[in-house]
Asker: 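Quick one: the structure is below, questions incoming.
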Amino acid sequence: MKRKDTVKLISADEMEFVIDKDAAMVSQTIRNMLTSPGGFAETELGEVTFPEISAVILEKICQYFYWALQYSRGKETEFHIEPELTLELMMAANYLHT
């Protein structure tokens, strides 16, 4: 996979998640960060840092991005969310507009 086809998402605890750009674009916030004109670091480097989102939550968000892509293509499966992650996931989803 080419570098331009992927995006690196970095959590508050500096864990890095490299995912397909198509998956990352599920998030309106990430899409705006990566496609904004003006030479922003996120656009140039293909990296987005989330200083308020832990690695555990960001990993689940990445899983959701892939699930949402599959769902939009007609594959209907269940997306499991552990109850102890619900509140943090809701806050992150609100920020990411997913």
Side-chain angles (χ1 to χ4, degrees):
M1 196 175 308
K2 296 179 184 174
R3 176 137 165 73
K4 290 187 178 194
D5 295 337
T6 61
V7 175
K8 185 186 296 184
L9 305 180
I10 305 168
S11 69
D13 34 356
E14 299 181 6
M15 288 288 296
E16 298 179 354
F17 300 89
V18 178
I19 65 171
D20 295 329
K21 192 171 185 176
D22 288 342
M25 295 298 193
V26 166
S27 164
Q28 184 66 45
T29 301
I30 293 174
R31 181 182 306 128
N32 291 342
M33 289 176 171
L34 295 174
T35 60
S36 296
F40 293 103
E42 291 87 359
T43 305
E44 297 295 320
L45 300 174
E47 295 181 5
V48 182
T49 301
F50 297 101
E52 301 294 324
I53 301 177
S54 70
V56 171
I57 298 301
L58 191 55
E59 179 179 23
K60 195 67 170 179
I61 289 167
C62 292
Q63 291 171 2
Y64 171 78
F65 290 162
Y66 283 105
W67 177 87
L69 271 183
Q70 290 179 344
Y71 186 85
S72 71
R73 295 174 180 159
K75 184 176 180 185
E76 294 186 27
T77 59
E78 192 172 304
F79 185 75
H80 178 72
I81 298 174
E82 295 80 4
E84 62 272 12
L85 301 180
T86 304
L87 181 60
E88 283 185 84
L89 276 172
M90 287 175 52
M91 292 187 306
N94 183 51
Y95 171 72
L96 294 171
H97 296 273
T98 56

Asker: Please check: side-chain N/O of Ser27 versus main-chain N/O of Leu96, any donor-acceptor pairing under 3.5 Å?
Answerer: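 Yes, because the side chain of Ser27 sits within donor-acceptor range (under 3.5 Å) of the backbone of Leu96.
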
Asker: Around atom CE of Met15, are there more than 12 heavy atoms of other residues, nucleotides or ligands at under 6.0 Å?
Answerer: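 Atom CE in Met15 is not crowded, with 12 or fewer foreign heavy atoms closer than 6.0 Å.
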
Asker: Roughly how far apart are Glu42 CD and Thr49 OG1, rounded to 0.5 Å?
Answerer: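 Glu42 CD to Thr49 OG1: 7.5 Å, rounded to 0.5 Å.
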
Asker: How would you list all residue pairs meeting ring-ring contact (aromatic ring centres under 6.0 Å, His included) that involve residues 75-94, not counting sequence neighbours?
Answerer: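 Qualifying pairs: Tyr64-Phe79, Trp67-Phe79.
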
Asker: Do Lys21 and Val7 have side chains that get closer than 4.5 Å, going by heavy atoms?
Answerer: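 Contact flag for Lys21/Val7 side chains = yes.
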
Asker: Can you name the closest pair of heavy atoms from Glu88 and Ser54 and give their distance?
Answerer: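 Closest approach of Glu88 to Ser54, heavy atoms only: OE1-OG, 4.1 Å.
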
Asker: Same cluster or not: Leu85 versus Tyr95, using hydrophobic residues (I, L, V, M, F, W, Y) connected whenever any side-chain heavy atoms lie under 4.5 Å apart?
Answerer: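 Yes; Tyr95 is reachable from Leu85 via cluster members.
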
Asker: Answer yes or no: is there a side-chain heavy-atom contact under 4.5 Å between Thr35 and Met25?
Answerer: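 Answer yes - side chains close enough.
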
Asker: Near Gln28 CD, under 6.0 Å, is it more than 12 heavy atoms from other residues, nucleotides or ligands?
Answerer: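 Yes, CD of Gln28 has more than 12 neighbouring heavy atoms, counting only those of other groups under 6.0 Å.
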
Asker: Do you know which two heavy atoms are closest between Ile61 and Leu89, and how far apart they sit?
Answerer: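 Heavy-atom minimum between the residues: CG1-CD2, 4.0 Å.
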
Asker: Could you state whether Val48 and Met91 fall into the same hydrophobic cluster, counting links through intermediate Ile, Leu, Val, Met, Phe, Trp or Tyr residues with side-chain heavy atoms under 4.5 angstrom apart?
Answerer: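 No, Val48 and Met91 fall in different hydrophobic clusters.
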
Asker: Taking only residues two or more places apart in sequence, or in another chain, which ones meet Asp13 in a side-chain hydrogen bond (donor to acceptor under 3.5 Å, both in side chains)?
Answerer: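 Asp13 satisfies side-chain hydrogen bond (donor to acceptor under 3.5 Å, both in side chains) with Ser11 only.
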
Asker: What closest approach, in Å, do Phe65 and Ala24 show between heavy atoms, and which atom pair accounts for it?
Answerer: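 The pair with the smallest heavy-atom distance is CD1-CA, 4.0 Å.
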
Asker: Go through the structure and list residues passing salt bridge (charged side-chain N to carboxylate O under 4.0 Å, His left out) with Glu82, not counting sequence neighbours.
Answerer: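 Counting only residues at least two positions away or on another chain, Glu82 forms a salt bridge (charged side-chain N to carboxylate O under 4.0 Å, His left out) with Lys60.
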
Asker: List the atom of Ile10, the atom of Leu58, and the distance in Å for their closest heavy-atom pair.
Answerer: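 Smallest interatomic distance, heavy atoms only, reads C-CD2, 3.8 Å.
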
Asker: What's the spacing between Thr6 OG1 and Glu47 CD if we round to 0.5 Å?
Answerer: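 So the gap between those two atoms works out to 9.5 Å.
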
Asker: Show the nearest heavy-atom pair for residues Ala92 and Ile57, with the distance to one decimal.
Answerer: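 Looking at all heavy atoms of both residues, the shortest contact is CB-CG2, 4.0 Å.
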
Asker: Would you say Val56 and Ile81 are hydrophobically clustered, going by side-chain heavy atoms of ILVMFWY under 4.5 Å?
Answerer: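 Hydrophobic grouping puts Val56 with Ile81.
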
Asker: With sequence neighbours excluded, tell me which residues meet salt bridge (charged side-chain N to carboxylate O under 4.0 Å, His left out) with Glu16.
Answerer: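 For Glu16 the salt bridge (charged side-chain N to carboxylate O under 4.0 Å, His left out) partners, ignoring immediate neighbours, are Lys8.
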
Asker: Any side-chain to backbone donor/acceptor pair from Ser72 onto Leu69? Under 3.5 Å, distance only.
Answerer: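 Side chain of Ser72 to backbone of Leu69, a donor-acceptor pair under 3.5 Å: yes, one is there.
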
Asker: Only pairs at least two apart or in different chains count here, so list each salt bridge (charged side-chain N to carboxylate O under 4.0 Å, His left out) that has a residue in residues 23-33.
Answerer: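 Listed once each, the pairs would be none.
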
Asker: In chain order, what residues pass the side chain to side chain contact (heavy atoms under 4.5 Å, CB included) check against Gln70, with sequence neighbours excluded?
Answerer: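 Counting only residues at least two positions away or on another chain, Gln70 forms a side chain to side chain contact (heavy atoms under 4.5 Å, CB included) with Lys75.
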
Asker: Quick one, Tyr66 and Val26 - any side-chain contact, counting heavy atoms below 4.5 Å?
Answerer: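 The answer is no; the side chains never approach within 4.5 Å.
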
Asker: Does Leu9 reach the side chain of Ile30, with side-chain heavy atoms less than 4.5 Å apart?
Answerer: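 Leu9 reaches Ile30 side chain to side chain.
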
